[in-house]
Amino acid sequence: MTETAPEAAIVELGARVHLFVQPRAREEFASLFRDVLGCDVSERDFGLAYPILLVSFGNGSAFSVEFTELAPSELTSDTLDDKQAFRGAWIEFRTTDLDGHLQKLRSVGIPEFRHPGSSHAYFSAPGGQVFRLLDVAYVGP
């Protein structure tokens, strides 16, 4: 037996990720993506201590980087494994029923907060993963 998805379902993962990086790594981080990997790198000033770095790709996807002392420190050993990896990417989901899904999240008490660099609502899933929902037609930073 197969189940069909409801008509107003969340339909895809958004093409944006937001990362947090220590300010001391700012120039090296930008250089890696701009100079080494050839990505389109720009800055967006939202009034934070450091401009947001936006790394964009040809298909319209992108990721943004916020430079803050609150970010985890860079790994100091020369090896990386699952226990040392940072677990803090923010996820963007797209939906055809934004208002309905926002209401559902709020009605079941999923913690909601605002980020000073954005006009969108953010939510914290059990376990702490941060995400936001946007309409499939949304275009913007």
Side-chain angles (χ1 to χ4, degrees), residues 2-141:
T2 60
E3 293 183 25
T4 58
E7 187 174 318
I10 294 174
V11 296
E12 63 186 57
L13 178 64
R16 177 77 50 87
V17 172
H18 186 76
L19 306 175
F20 295 91
V21 175
Q22 286 284 329
R24 65 181 166 270
R26 187 171 182 268
E27 291 306 316
E28 294 87 358
F29 191 95
S31 177
L32 170 64
F33 286 93
R34 181 187 57 236
D35 304 329
V36 176
L37 299 175
C39 299
D40 181 20
V41 176
S42 60
E43 291 185 342
R44 304 289 172 93
D45 189 353
F46 293 103
L48 301 172
Y50 299 92
I52 297 288
L53 190 74
L54 183 67
V55 180
S56 303
F57 304 96
N59 69 351
S61 65
F63 70 90
S64 53
V65 183
E66 184 173 336
F67 297 94
T68 174
E69 298 292 340
L70 298 173
S73 296
E74 189 173 7
L75 180 65
T76 56
S77 73
D78 57 355
T79 60
L80 177 65
D81 64 21
D82 189 53
K83 290 181 183 178
Q84 298 167 315
F86 174 59
R87 303 184 193 292
W90 292 15
I91 301 171
E92 176 181 292
F93 298 101
R94 300 292 179 118
T95 178
T96 57
D97 182 17
L98 180 60
D99 291 338
H101 282 91
L102 292 175
Q103 182 180 353
K104 288 178 185 178
L105 290 168
R106 292 171 178 142
S107 72
V108 298
I110 299 298
E112 177 180 352
F113 67 98
R114 297 285 178 164
H115 183 277
S118 175
S119 61
H120 302 285
Y122 288 83
F123 297 88
S124 181
Q129 179 62 56
V130 175
F131 65 96
R132 72 180 184 181
L133 295 178
L134 297 176
D135 188 273
V136 293
Y138 173 79
V139 176

**Q** Which pair of heavy atoms, one from Pro51 and one from Arg26, lies closest together, and at what distance?
**A** CD-NH2, 3.5 Å
**Q** Considering residues at least two apart in sequence or located in another chain, which fulfil the side chain to side chain donor-acceptor pair (under 3.5 Å) criterion with Ser118?
**A** Tyr122
**Q** With heavy-atom distances below 4.5 Å as the criterion, would you say the side chains of Leu19 and Phe63 are in contact?
**A** yes
**Q** What residues, two or more places apart in sequence or in another chain, satisfy side chain to side chain contact (heavy atoms under 4.5 Å, CB included) together with Ser64?
**A** Arg16, His18, Ile52, Leu54
**Q** With sequence neighbours excluded, tell me which residues meet side chain to side chain donor-acceptor pair (under 3.5 Å) with Ser61.
**A** Asn59
**Q** Ignoring hydrogens, what is the shortest heavy-atom contact between Ser56 and Cys39? Give both atom names and the distance.
**A** O-CB, 4.2 Å
**Q** Of all residues at least two apart in sequence or in a different chain, which pass the ring pair (Phe, Tyr, Trp, His ring centres under 6.0 Å) check with Phe67?
**A** none
**Q** Can you pull out every salt bridge (charged side-chain N to carboxylate O under 4.0 Å, His left out) where at least one residue sits in residues 101-111? Sequence neighbours excluded, please.
**A** Arg106-Glu112
**Q** Measure the spacing between CG of Leu134 and CD of Glu92 and express it to the nearest 0.5 Å.
**A** 4.5 Å
**Q** Where is the tightest heavy-atom contact between Val41 and Ala30, given as atom of each residue plus distance?
**A** CG2-O, 4.3 Å
**Q** Could you tell me if the side chain of Arg94 sits less than 4.5 Å from the side chain of Tyr138, heavy atoms only?
**A** yes
**Q** To the nearest 0.5 Å, what is the distance between CG (Asp97) and CD (Gln103)?
**A** 9.0 Å
**Q** For the atom pair CZ (Phe123) and CG (Leu105), what is the distance rounded to the nearest 0.5 Å?
**A** 5.0 Å
**Q** Does anything in residues 52-70 form a salt bridge (charged side-chain N to carboxylate O under 4.0 Å, His left out)? List the pairs, not counting sequence neighbours.
**A** none
**Q** Measuring from Thr96:OG1 to Ile10:CD1, what's the distance to the nearest 0.5 Å?
**A** 9.0 Å
**Q** For the atom pair NE2 (His115) and CG (Leu48), what is the distance rounded to the nearest 0.5 Å?
**A** 6.0 Å
**Q** List the atom of His101, the atom of Leu133, and the distance in Å for their closest heavy-atom pair.
**A** CB-CD1, 3.6 Å
**Q** Quick one, Glu28 and Val21 - any side-chain contact, counting heavy atoms below 4.5 Å?
**A** no
